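For clarity, every value in this text was computed on a predicted model and none was experimentally measured.
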Amino acid sequence: MTPEPFGTRLRRAMDTRGPLCVGIDPHASLLASWGLDDDIAGLERFTRTVVEALADRVAVLKPQSAFFERFGSRGVAVLEKAVAEARAAGALVLMDAKRGDIGSTMGAYAATYLDKDSPLFSDAVTVSPYLGFGSLRPALDAAAACGAGVFVLALTSNPEGAEVQRATAADGRSLAQVMLDHMAAENEGATPLGSVGAVVGATLGDAGVDLAINGPLLAPGIGAQGATPADLPGVFGASVGNVVPSVSRGVLRHGPAVSGLREAAGRFADEVRAAVSES
């Protein structure tokens with residue numbers, strides 16, 4: 001039986017739960033602000049609270065794997081449990097791993113996050129294409145086979161990214177546009193939405209590229225990094241309806257109370273709906 005594509009599942013989740021992705025980023029300063037120690041017990045408490053508060057109501061939860069990996073095998077075990085519990089509660093899980101490699105190594109990364117038998121199996125994963133878009137083929141194929149998605153870095157919100165992403169290819173296109181055009185080719189003919197998404201920072205102003213990739217556009221930078229939902233139409237133009245705004249600290253700083261997390265996430269989702277509907 002052919003699995004339902006990620007793009008179809010994401011479109012449904014965005015339409016029913018609202019167009020919002022909330023990051024799970026248990027860095028030391030955030031744990032401290034919750035009154036938690038920067039240890040495995042603090043990690044477990046933080047992660048469990050976020051999943052309990054949000055997994056039954058937001059479209060996407062995005063754990064940043066590095067903040068779990070820094071605790072070694074016990075941290076990865078917390079991540080595995082969070083992924084399973086969030087998916088069981090109905091959230092789509094986007095693993096923010098930003099993996100990029102070639103050949104069998106890329107295949108191993110794909111097996112880690114995009115194989116249904118893996119304890120870290122996620123609905124989608126972030127990847128880096130700057131070893132060449134073709135290096136992502138093992139992840140793209142694995143995702144398609146199991147109905148998962150891949151979000152490819154295109155124009156990121158960190159200022160250093162422009163050094164590579166805005167560089168010019170031999171044909172005059174920016175490297176970011178080259179990658180976006182590859183994504184558009186992967187998504188050609190998909191309805192209602194392709195399963196290969198782009199990561200494009202919400203802090204960029206006019207992105208200056210063609211974002212019509214027929215796929216989702218993950219937009220980090222909302223909240224603590226300075227962008228607001230009202231900025232989205234100016235960055236994404238006609239593609240704003242496919243944007244999945246991502247907010248982390250803007251929601252997580254309202255913990256540890258479950259009610260505070262839920263209220264903050266709901267407020268951001270409402271603001272995004274309003275911005276998109278008015279565009």
Check this for me: Arg166, atom CZ, are more than 12 non-hydrogen atoms of other residues, nucleotides or ligands nearer than 6.0 Å? yes
Specify the closest pair of heavy atoms between Arg273 and Gly18, including all atoms of both residues, with the distance to one decimal. NH2-CA, 3.3 Å
Are Arg267 and Asp270 ion-paired here, with the side-chain N under 4.0 Å from a carboxylate O? no
Rounded to the nearest 0.5 Å, how far does OG1 of Thr16 lie from CZ of Arg57? 13.0 Å
With a 4.5 Å cut-off on side-chain heavy atoms, are Trp34 and Phe46 touching? yes
Tell me, do Leu94 and Leu61 make a side-chain contact under 4.5 Å, heavy atoms counted? no
Any side-chain donor paired with an acceptor under 3.5 Å for Asp231 and Thr228? yes
Does any non-hydrogen side-chain atom of Leu252 lie less than 4.5 Å from one of Val50? yes
Locate the shortest heavy-atom distance separating Ala207 from Leu155; write the atom from each residue and the value. O-CD1, 3.7 Å
Roughly how far, to the nearest 0.5 Å, is CG of Leu232 from CD of Glu271? 10.5 Å
Quick one: are Thr8 and Pro192 in side-chain contact, heavy atoms under 4.5 Å? yes
Any salt bridge linking Arg12 with Glu4? Criterion: basic side-chain nitrogen under 4.0 Å from a carboxylate oxygen. yes
Do the side chains of Leu120 and Leu79 get nearer than 4.5 Å, heavy atoms only? yes
Please examine the side chains of Ser246 and Lys62, heavy atoms only from C-beta on, and report whether any two atoms are closer than 4.5 Å. yes
For Ala28 and Asp38, the nearest pair of non-hydrogen atoms, with its separation, is CB-OD2, 3.5 Å
What's the separation between atom CD in Glu186 and atom CD in Glu188, rounded to the nearest 0.5 Å? 10.5 Å
To the closest 0.5 Å, what do you measure between OG1 (Thr156) and NZ (Lys98)? 8.5 Å
Tell me if a side-chain donor or acceptor on Asp37 pairs with a main-chain N or O of Asp39 at a distance below 3.5 Å. no
Drop me the distance from Phe151's CZ to Cys21's SG, to the nearest 0.5 angstrom. 8.0 Å
Answer with yes or no whether the side chains of Gln165 and Ser174 bring together a donor and an acceptor at under 3.5 Å. no
Would you give the length of the straight line joining atom CG of Leu36 to atom CG of Leu43, rounded to the nearest 0.5 angstrom? 9.5 Å
If you count heavy atoms of other groups shown closer than 6.0 angstrom to CZ of Arg45, is the number above 12? no
Whether Ser195 side chain and Gly7 backbone form a donor-acceptor pair below 3.5 Å: yes
Report, as yes or no, whether the 6.0 Å neighbourhood of atom CD1 on Ile102 holds more than 12 heavy atoms from other residues, nucleotides or ligands. no
Mark yes or no for whether Asp96, through its side chain, and Pro63, through its backbone, hold a donor-acceptor pair below 3.5 Å. no
Looking at side-chain heavy atoms only, is the closest gap between Phe68 and Val76 below 4.5 Å? no
Who passes salt bridge (Lys or Arg N to Asp or Glu O under 4.0 Å) against Glu44, sequence neighbours left out? none
Met183: which of Leu211, Val196, Leu136, Leu140 passes side chain to side chain contact (heavy atoms under 4.5 Å, CB included): Val196
So, Asp101 and Arg99, do they make that salt bridge, N to O below 4.0 Å? no
Would you call Asp181 and Arg173 a salt bridge, taking side-chain N to carboxylate O under 4.0 Å as the test? yes
Pick one: which of Val93, Leu10, Leu114 meets side chain to side chain contact (heavy atoms under 4.5 Å, CB included) with Asp123? Val93
Looking at every non-hydrogen atom in both residues, tell me the closest pair between Val178 and Ala169 and how far apart they are. CG2-CB, 4.0 Å
Once the angle between the rings of His182 and Phe133 is folded into 0 to 90°, is it parallel (under 30°), tilted (30 to 60°) or perpendicular (over 60°)? parallel
Would a 4.5 Å heavy-atom cut-off, applied to side chains only, mark Leu20 and Val60 as touching? no
Correct closest heavy-atom pair for Gly250 and Ala264 would be O-CB, 4.3 Å
